[in-house]
Amino acid sequence: MSEFINQPLHTGSGIAETTSIEVPPEKDVVFYNDDYTTMDFVVNVLVSVFNKSRENAELIMNTVHEKGSAIVGTYTYDIAVSRTNLTRSIAKQNGFPLRVEVE
């Protein structure tokens with residue numbers, strides 16, 4: 001179910017009208033473990049692409065390693081897709097098969 005935010009809309013006439021703005025749905029970005037992508041690479045991507053602190057990135061990386069996957073962030077669809085595509089591109093440039101999905 002979509003969420004709405006009600007905000008007054010000022011029309012310049014001194015009368016405020018209330019409008020409903022639909023909040024876009026959010027999607028999870030999930031990293032999956034593999035036997036080739038290095039832990040350091042995953043941490044660096046989490047810091048540089050997903051703006052995680054180094055400590056948080058290491059915790060997420062360990063979860064991916066131990067459990068097979070982990071949600072690395074929840075974003076609006078466009079941001080989730082953008083960060084996923086950027087991560088895939090960086091992984092490919094560095095020869096890693098890191099699997100990243102928007103779910």
Side-chain angles (χ1 to χ4, degrees):
M1 183 148 89
S2 298
E3 293 182 31
F4 288 91
I5 299 173
N6 288 320
Q7 297 181 346
L9 175 66
H10 297 283
T11 61
S13 64
I15 300 172
E17 298 175 25
T18 301
T19 61
S20 295
I21 301 170
E22 188 171 350
V23 176
E26 293 190 329
K27 300 290 184 180
D28 295 328
V29 176
V30 180
F31 277 25
Y32 290 88
N33 191 40
D34 65 67
D35 293 332
Y36 302 100
T37 306
T38 64
M39 293 179 178
D40 284 338
F41 178 79
V42 172
V43 169
N44 288 334
V45 166
L46 290 169
V47 170
S48 63
V49 175
F50 293 89
N51 301 315
K52 304 295 181 186
S53 68
R54 190 143 197 93
E55 181 180 0
N56 194 15
E58 289 174 1
L59 290 171
I60 294 169
M61 178 274 302
N62 280 322
T63 301
V64 171
H65 180 69
E66 293 170 5
K67 297 191 177 197
S69 66
I71 295 171
V72 301
T74 303
Y75 308 94
T76 60
Y77 178 78
D78 290 341
I79 293 172
V81 168
S82 176
R83 291 185 185 195
T84 295
N85 289 339
L86 179 57
T87 299
R88 288 176 180 160
S89 176
I90 293 168
K92 185 176 180 179
Q93 289 172 5
N94 285 276
F96 293 119
L98 178 62
R99 182 173 158 214
V100 184
E101 301 292 336
V102 175
E103 299 180 356

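No hydrogens, no waters, no symmetry mates; every other heavy atom, side chains included, goes into these values.
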Could you give the distance from [atom1] ([X]) to [atom2] ([Y]), rounded to the nearest 0.5 Å?
X: T38; Y: N44; atom1: OG1; atom2: CG; value: 8.0 Å
X: T84; Y: I79; atom1: OG1; atom2: CD1; value: 11.5 Å
X: R54; Y: L46; atom1: CZ; atom2: CG; value: 10.0 Å
X: Y75; Y: K27; atom1: OH; atom2: NZ; value: 15.5 Å

#### Entry: Donor-acceptor under 3.5 Å (K52 side chain, G73 main chain)
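A pair under 3.5 Å: no.
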List the atom pairs, donor and acceptor, that lie under 3.5 Å between side-chain atoms in residues 58-69 and the rest of the protein, sequence neighbours left out.
unit_1: N62; atom_1: ND2; unit_2: E58; atom_2: O; d: 3.2
unit_1: T63; atom_1: OG1; unit_2: L59; atom_2: O; d: 3.0

With the side chain counted from C-beta on, respond yes when [X] and [Y] share a heavy-atom pair under 4.5 Å apart, and no when they do not.
X: T87; Y: K92; answer: no
X: V42; Y: F96; answer: no
X: I90; Y: F41; answer: yes

### Message
Taking OH in Y77 as the centre, count heavy atoms belonging to other residues, nucleotides or ligands within less than 6.0 Å. Is the count above 12?
### Response
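Atom OH in Y77 is not packed in, count stays at 12 or less.
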#### Entry: E103 atom CD: more than 12 heavy-atom contacts under 6.0 Å
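For E103, atom CD is crowded (more than 12 foreign heavy atoms under 6.0 Å).
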### Task
Provide the closest heavy-atom pair for L98 versus A91 in the form atom of the first, atom of the second, distance.
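Here L98 and A91 meet closest at CB-CB, 4.0 Å.
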### Message
I need the minimum non-hydrogen distance between N51 and R83, along with the two atoms involved.
### Response
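Scanning both residues, the minimum pair turns out to be ND2-NH2, 3.7 Å.
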### Task
Please state whether the rings of F50 and F31 are parallel, tilted or perpendicular, taking 30° and 60° as the class boundaries.
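Because their plane-to-plane angle is over 60°, the rings of F50 and F31 count as perpendicular.
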### Query
Same hydrophobic cluster for L86 and V45, using side-chain heavy-atom links shorter than 4.5 Å among ILVMFWY?
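Hydrophobic grouping puts L86 with V45.
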